[in-house]
A.B. asks: 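Sending over a structure as structure tokens; questions will come in a sec.
Each ligand, and each atom within it, is numbered from 1 in the order the structure gives. The basis for the numbers below is simple: all heavy atoms, side chains too, and nothing from hydrogens, waters or symmetry mates. Predicted model only: the values in this text are computed from it and were never measured.
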Amino acid sequence: MFIDEVRILVKAGDGGNGCLAFRREKYVPRGGPSGGDGGRGGDVTMVATGHQNTLLQFRYNPEHKAERGRHGEGSNRTGHDGESIELKVPVGTVVYDEMTGERLYDFTHEGERFTVARGGKGGRGNQHFATPTHQAPTEHEPGRLGEEKRLRLELKLLADVGLVGFPNAGKSTLISRISAARPKIADYPFTTLEPNLGVVQLENFRSYVVADIPGLIEGAHLGAGLGVQFLRHIERTRLLAHLVDVSEANGRDPVHDFEVIMEELASFSEDLVKKPMIVVATKMDVAQDPERVASLRGLAAARDLPFFEISAVTGQGVDALKHAIAERVLP
Ligand SMILES: Nc1nc2c(ncn2[C@@H]2O[C@H](COP(=O)(O)OP(=O)(O)OP(=O)(O)O)[C@@H](O)[C@H]2O)c(=O)[nH]1
Ligand SMILES: [Mg+2]
């Protein structure tokens with residue numbers, strides 16, 4: 001599984017000190033204590049956002065400090081509170097305390113907030129310490145320290161799109177064309193033994209995540225081949241791209257291939273087959289028989305599924321597919 005991880009330091013603001021002062025005014029004999037309280041230090045709060053999907057920004061900027069509270073002043077003036085700061089983290093970020101290993105928070109929804117370091121309370125000024133028998137108190141408190149923590153942030157990349165299809169359909173080849181992922185690619189079934197995730201970068205810093213999982217074969221739900229165990233990695237995706245090899249070399253019928261995979265998906269989970277799907281005819285560069293492509297296109301049309309033709313080798317249709325996926329998975 002693809003995990004992004006960073007270590008950061010957060011420091012909330014210290015509280016301001018309480019003040020020691022006495023009221024001194026003309027015509028006001030024996031003015032009482034008038035030292036104001038210190039302001040509270042600012043907090044460091046994390047907020048989950050759906051507009052980011054990496055922790056990269058923290059790698060360049062690993063320290064975050066909130067402002068300290070101002071000290072109290074004479075005439076019972078309370079110091080200003082320090083400004084809090086907000087750190088935006090992608091949905092899916094898990095926060096750990098680096099020192100204790102404790103898991104502090106798991107961000108699962110956009111807009112969720114969690115205060116990772118609390119600002120220190122301001123100290124009380126001497127105005128609070130007066131009693132009937134103690135009218136000129138000199139006690140005043142220092143501000144409390146703001147919390148300081150070393151945190152480890154972990155982001156489990158959730159795939160937006162899952163690639164499904166027979167072994168050798170060209171799933172790994174496609175992900176290697178559209179992302180920086182470099183999975184093993186070879187001309188034999190079950191080259192991919194574990195899921196690969198790739199981040200597809202688009203213009204304007206937009207991106208989405210593709211999961212390439214091991215191929216399925218007939219009877220996968222009964223354990224044939226590598227089985228259906230990897231389908232859980234694509235259960236939470238927004239879109240499935242169903243890749244079907246339309247070249248002659250494999251000797252199978254593309255329409256039959258498509259249906260076999262659909263049955264395997266259905267026997268794994270009803271929700272999975274109901275997911276939005278696009279059909280992708282692969283290896284167009286070596287597809288000699290237009291009939292095979294046409295039959296798959298017809299099937300897609302009959303099921304009302306978008307249809308794309310690509311060759312990961314020549315690049316034909318790859319860019320169009322990349323953008324068509326973006327349109328379907330990005331807000
Ligand atoms: N000619 C041609 N060959 C391709 C194309 N795409 C993939 N291949 C070849 O098909 C074979 C299988 O490709 P992979 O990407 O490993 O297939 P896969 O779907 O990931 O297969 P598994 O991991 O076994 O499930 C490799 O030899 C690729 O070079 C294509 O567009 N054209
Ligand atoms: Mg593969």
Side-chain angles (χ1 to χ4, degrees), residues 1-2 157 159 161-200 209-235 237 239-265 268 272 277-290 292-294 296-297 300 307-325:
M1 179 117 294
F2 192 100
L157 275 191
V161 195
L163 304 183
V164 293
F166 263 82
N168 261 342
K171 300 179 295 298
S172 301
T173 312
L174 175 62
I175 202 174
S176 75
R177 281 300 292 234
I178 60 177
S179 78
R182 291 290 171 265
K184 185 167 169 189
I185 293 169
D187 194 13
Y188 56 81
F190 306 116
T191 314
T192 301
L193 299 173
E194 287 197 335
N196 300 297
L197 292 190
V199 180
V200 179
V209 179
V210 182
D212 163 34
I213 61 168
L216 297 170
I217 56 174
E218 189 153 13
H221 69 285
L222 301 172
L226 291 174
V228 289
Q229 50 171 324
F230 297 107
L231 289 177
R232 68 188 160 77
H233 291 279
I234 57 168
E235 267 186 305
T237 61
L239 176 74
L240 297 182
H242 188 157
L243 273 59
V244 186
D245 179 355
V246 290
S247 68
E248 286 75 54
N250 68 31
R252 294 189 311 259
D253 170 35
V255 169
H256 182 249
D257 276 7
F258 179 91
E259 280 160 356
V260 168
I261 298 293
M262 291 308 273
E263 271 169 40
E264 295 303 327
L265 296 179
F268 177 76
L272 205 55
M277 177 178 276
I278 60 177
V279 183
V280 182
T282 65
K283 310 195 189 179
M284 287 299 290
D285 56 306
V286 286
Q288 309 294 340
D289 180 359
R292 295 169 65 86
V293 187
L296 186 64
R297 189 187 299 119
F307 182 72
F308 297 87
E309 299 171 17
I310 65 161
S311 163
V313 167
T314 65
Q316 171 198 342
V318 172
D319 236 37
L321 174 62
K322 179 168 134 177
H323 287 97
I325 293 174

A.B. asks: Just which atoms of ligand 1 are under 4.0 Å from any heavy atom in Y188?
C.D. replies: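 In order of numbering, the contacting atoms are 24 (O).
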A.B. asks: Say you draw a straight line from CG of L265 to NE2 of H242; how long is it, rounded to the nearest 0.5 Å?
C.D. replies: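 Reported value, rounded in 0.5 Å steps: 7.0 Å.
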A.B. asks: Using a 3.5 Å distance criterion without hydrogens, assess whether the side chain of K171 forms a donor-acceptor pair with backbone atoms of A211.
C.D. replies: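 Flag not set: sc K171 to bb A211 has no pair under 3.5 Å.
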A.B. asks: What are the atoms of ligand 1, with element, lying closer than 4.0 Å to any heavy atom of G215?
C.D. replies: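 Answer for ligand 1: 25 (O).
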A.B. asks: Test V280 against L163 for side-chain contact (heavy atoms from CB on, under 4.5 Å), laying out the working first.
C.D. replies: CA-CA 10 Å; V280 182; L163 304 183; over 6 Å; no
A.B. asks: Take every heavy atom of A169, measure it against each atom of ligand 1, and state whether any distance is under 4.0 Å.
C.D. replies: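 In this structure, A169 qualifies as a contact of ligand 1 - some heavy atom is under 4.0 Å.
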A.B. asks: Would V210 and I325 count as a side-chain contact (heavy atoms from CB on, under 4.5 Å) here? Give the steps.
C.D. replies: CA-CA 10 Å; V210 182; I325 293 174; 5.7 Å; no
A.B. asks: Ignoring hydrogens and angles, tell me if any N or O in the side chain of E248 forms a donor-acceptor pair with the backbone of Q288 under 3.5 Å.
C.D. replies: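 Present.
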A.B. asks: Counting from 1, what ligand 1 atoms have a heavy atom of F190 closer than 4.0 Å?
C.D. replies: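 Those of ligand 1 that fall under 4.0 Å from F190 are 24 (O).
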A.B. asks: Side chains of E309 and R297, heavy atoms from C-beta outward: is any pair under 4.5 Å?
C.D. replies: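 Side chain of E309 against side chain of R297, heavy atoms only: contact under 4.5 Å found.
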A.B. asks: Considering the heavy atoms of A312, write down every atom of ligand 1 situated less than 4.0 Å from one of them.
C.D. replies: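 Contacts of ligand 1 toward A312, numbered from 1: 30 (C), 31 (O).
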A.B. asks: Side chain of R182, backbone of S179: donor and acceptor closer than 3.5 Å?
C.D. replies: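 Side chain of R182 to backbone of S179, a donor-acceptor pair under 3.5 Å: yes, one is there.
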A.B. asks: Which residue and non-hydrogen atom of the protein lie closest to atom 20 (O) of ligand 1, and at what distance in Å?
C.D. replies: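 It is S172 OG, 2.8 Å.
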A.B. asks: Quick check for you: with the Mg ion (ligand 2) as the vertex, what angle do OG1 of T192 and OG of S172 span, to 10°?
C.D. replies: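 My answer is 90°, to the nearest 10°.
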A.B. asks: Any chance you could measure K184, atom NZ, to L193, atom CG, to the nearest 0.5 Å?
C.D. replies: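 Nearest 0.5 Å value for the NZ-CG distance: 7.5 Å.
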A.B. asks: Nearest to atom 2 (C) of ligand 1, what protein heavy atom do you find, and at what distance?
C.D. replies: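 Among all protein heavy atoms, the one nearest atom 2 (C) of ligand 1 is V313 CG2, 3.5 Å.
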A.B. asks: To the nearest 0.5 Å, what is the distance between CG (L222) and CD (E264)?
C.D. replies: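 Here the interatomic distance stands at 7.0 Å.
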A.B. asks: What protein heavy atom sits nearest atom 17 (O) of ligand 1, and how far off is it?
C.D. replies: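 Protein heavy atom with the smallest distance to atom 17 (O) of ligand 1: G170 N, 3.2 Å.
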A.B. asks: Return the closest protein heavy atom for atom 1 (N) of ligand 1 as residue, atom name and distance.
C.D. replies: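 For this ligand atom, the closest protein heavy atom is D285 OD2, 2.9 Å.
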A.B. asks: Can you check which of T173, I310, N168 brings a heavy atom nearest to atom 6 (N) of ligand 1?
C.D. replies: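 Shortest heavy-atom distance from atom 6 (N) of ligand 1: T173.
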A.B. asks: Among all protein heavy atoms, pick the one closest to atom 29 (O) of ligand 1 and tell me residue, atom and distance.
C.D. replies: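 Protein heavy atom with the smallest distance to atom 29 (O) of ligand 1: I185 CG2, 3.9 Å.
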A.B. asks: Any non-hydrogen side-chain atom of L272 less than 4.5 Å from a side-chain atom of L240?
C.D. replies: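 Counting from C-beta outward, L272 and L240 do come under 4.5 Å.
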A.B. asks: Would you check the N or O atoms of T192, main chain and side chain alike, for any that come under 3.5 Å of an N or O of ligand 1?
C.D. replies: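 N/O-N/O distance under 3.5 Å: yes.
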A.B. asks: Considering only heavy atoms, does A186 approach ligand 1 within less than 4.0 Å through its side chain, its backbone, both, or neither?
C.D. replies: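 Backbone only.
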A.B. asks: Please list the nearest protein heavy atom to atom 5 (C) of ligand 1 with its residue and the distance rounded to 0.1 Å.
C.D. replies: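 Looking only at protein heavy atoms, the one closest to atom 5 (C) of ligand 1 is K283 CG, 3.6 Å.
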A.B. asks: Taking N or O atoms only and a 3.5 Å limit, does P167 qualify as a polar contact for ligand 1?
C.D. replies: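 N/O-N/O distance under 3.5 Å: no.
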A.B. asks: If we set the cut-off at 4.0 Å for heavy atoms, which region of V286 has an atom near ligand 1: side chain, backbone, both, or neither?
C.D. replies: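 Answer for V286: side chain.
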A.B. asks: Does the T282 side chain pair with the main chain of L243, one donor and one acceptor, at a distance under 3.5 Å?
C.D. replies: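 Between the backbone of L243 and the side chain of T282 there is no qualifying donor-acceptor contact (under 3.5 Å).
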A.B. asks: Have a look at ligand 1 and work out which part of P189, if any, has a heavy atom under 4.0 Å from it: side chain, backbone, both or neither.
C.D. replies: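 Answer for P189: backbone.
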